[in-house]
Structure formats: C-alpha cells, structure tokens
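Naming: A, B, ... by sequence-line order, numbering from 1 per chain.
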Amino acid sequence: MPELPEVETVMRGLAPALVGARISRVEQRRANLRFAFPERFVARLEGTRVKELTRRAKYILAELDSAETLIMHLGMSGSFRLEDAGEESPGRFHHPRSKLAAHDHVVLHLSSGKRVTYNDPRRFGFMLLAASRDLAAHPLFAAVGIEPLGEAFDAPTLARLLAGKAAPLKAALLDQTLIAGLGNIYVCEALHRAALSPLRSAGSIVAASGAPKAGAKRLAEAIPAILHEAIRAGGSTLRDHQGADGALGYFQHSFAVYGKEGAACPRPRCHGTITRIVQSGRSTFYCPTCQK
DNA sequence: CGCATCCCCTGCCTGC
DNA sequence: TGCAGGCAGGGGATGC
C-alpha cells in the first residue's frame, strides 16, 4: 500500500505526537520483521527523545537525541495506530498493558501518555537504527534516487536519469535508485496523465542530444502533480480516519487507471478501455489508445 | 552491468 | 460452505 504519498501522510500524522516526545517504554513483540531488529533495540530506544520526524523515499526517519535515527519502512502492509493510553482501563491486578491486535509488532509508549503501535500482517516492513551522522552513507540510502517532490526534479533531470535505458519505462520509474518513492499505483497514474505507454523503453522519451522530449516534459510535471494530489487526499482522509480508530496508513484514493481494468479511459475524447497487463511480475493498468 | 524472475509473508477475494 | 488459486500498493537476491 504505502507509496510516497501514503508514507508522507503517515509521517505527518505521527509528527504531532512524536516530535519532542520521550519514548518511555518499548514493547517489541517478535525478533524480526523483514529484517531482524537491531541489537538491543528496546534499550536503545527507551529514554530517548524524538528530535525530528522526516521522510526520505518511502522511509520514515525519527531522529533521536541519542545521536541515532530510527528508520522505519512500512513494506506492503505496515501501518501505525496512534492512541491515548488513557483510553485503557487496566485491571487492578494487571500492570498497564497495551490492548494489542493481531500483527501488532512494536509499541512505543510516550511520556505524554500516548502510544504508537506498528502493525504489519505481511511483515515486509522493518525498523532499524543507525547513527544519525552516517545516515546518508547507510546502505539503504547510499543508492536511493532523487526525491520526485524535490526542487531538483525536473524534465532535464528526468531525461538524464532515463537516457539510454532499454528497460520498459514503467520498470525504470519503479527503480528506487533512480527516483525514490514511486510505487506501482502512482507510476501507472503518472504514465496515464503523461499519455505515455508503460511498455516503451525508458530511453525513448529522451532525445539523442540528451534533452527531454515532449513526453518527458509531460511526465516530469505529472509525477509531482499526482503525488501532491494524493498527499492532499491522504491528508483529508487521515483526519476522518483518526476520528474512527486512530489508524494511519490505509487510505482510499480515486484513481484514473489503477484497478480500473475494463473501465472507459477517463481522458476526454479518448474512447479507449483501461487494460491490465503484467510487467516484471506486477500489474500495470493503462489505456492502449491514448498512452503511446 | 542491465534486466527479468523469483521470493519473503498473510489476508482477502474469486471461482469451482 | 469449503477450499484452492490468484492477487496485493514493498524490495532484495539471484541468474542470465
């Protein structure tokens, strides 16, 4: 589920509770998620204060006052739940404990009385700790590509990243070492908006001179536009969702092509039909009529 | 090296 | 109704 807009929304949802808060107690409920938890994970977190919460690619980074950064990735099915511990009414003969659901793997108890619970059925997500000062050199980030919402992301940069690549355009856009944060949904949506076929080679939207062709210019505008729209939608959904059960991480979006196999292409005056194909083992949704 | 394939894991939906 | 099979928005490892 989580691509850049979802991760950004989750991060913004957690920030008010986490930034400035002290982590008073940590419950780690299993030895590993996708990766093993770091050595002494609980001890290295307990007692620290969160200085800052940021997003890089699809990672949420909590910079701690211990000079370490908690690196969190939601994988496919990870989500956070934010709750007030005051909602609990622990029995007289029990220590205060979280009311845990299936697949609740980590609980961060904050000195404010709030708690943040990480839930992840498929366990493709993970949490790691790294020295804050060495974060950029960390293997996870050393090869991570450009931020599509950053100022440096423009048509010439996109052209430079894709020039000469024989891989299908869709596969190149999913490559996190080129552009960081796009996933299957938003790649499909951006390609549709830019009227580019997911099947054409990545290098084919770049002129021999290395300059972006018209399609690359459309794509360089479509990508950040779609991401911004999704973040806005996520933000509004988040407020509704928090009122319900405090869950962060799963949002409904309205898509032009993703999951719309068989539907009429929403592009004005295009009478094509959204088609599903498989590329690199994953579903691609696109309109063969207007995406060339 | 670039690219394709398979795999990790659980839950949900579909069709028989 | 039960069950098998397919599919899921992540990325890493492997092999050509």
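- Between A/Arg123 and A/Gly164, the residue whose closest nucleotide on DNA chain B is further toward the 5' end is A/Gly164.
- Among the nucleotides B/dA4, C/dG9, C/dG12, the one closest to any side-chain atom of A/Phe35 is C/dG12.
- Screening A/Arg29, A/Lys99, A/Arg115, A/Arg81 for a salt bridge (charged side-chain N to carboxylate O under 4.0 Å, His left out) with A/Asp104, the sole residue that qualifies is A/Arg81.
- Put simply, A/Arg34 has no side-chain N or O that comes within less than 4.0 Å of OP1 or OP2 on B/dC9.
- Listed candidates were C/dA8, B/dT5, B/dC9. Nearest to the side chain of A/Phe124 is B/dC9.
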Pairing string of DNA chain B (Watson-Crick or G-U wobble, both atom distances under 3.5 Å; | = paired to other strand) is .|||||||.|||||||
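- In this structure, A/Glu189 contributes its side chain and A/Ile185 its backbone to no donor-acceptor pair below 3.5 Å.
- The closest side-chain donor-acceptor pair between A/Gln28 and A/Tyr118, if any, does not fall under 3.5 angstrom.
- Which of C/dG9, C/dC7, C/dG11 sits closest to the side chain of A/Glu3 comes down to C/dG9.
- For A/Arg276, the listed nucleotide lying nearest its side chain is C/dA8; candidates were C/dA8, B/dG11, B/dA4.
- Side-chain to base pairing of A/Arg282 with C/dA8: no donor and acceptor N or O lie closer than 3.5 Å to each other.
- Each of C/dG11, B/dA4, C/dG9 was ranked by its minimum atom distance to the side chain of A/Lys58; first place goes to C/dG11.
- In the set C/dC7, C/dG10, B/dA4, C/dC7 carries the atom at the smallest distance from any side-chain atom of A/Ser283.
- Using a 4.0 Å cut-off between a side-chain N of Lys or Arg and a carboxylate O of Asp or Glu, A/Glu68 and A/Arg44 qualify as a salt bridge.
- Here the two rings, on A/Phe37 and A/Phe126, have centers that are 6.0 Å apart or farther.
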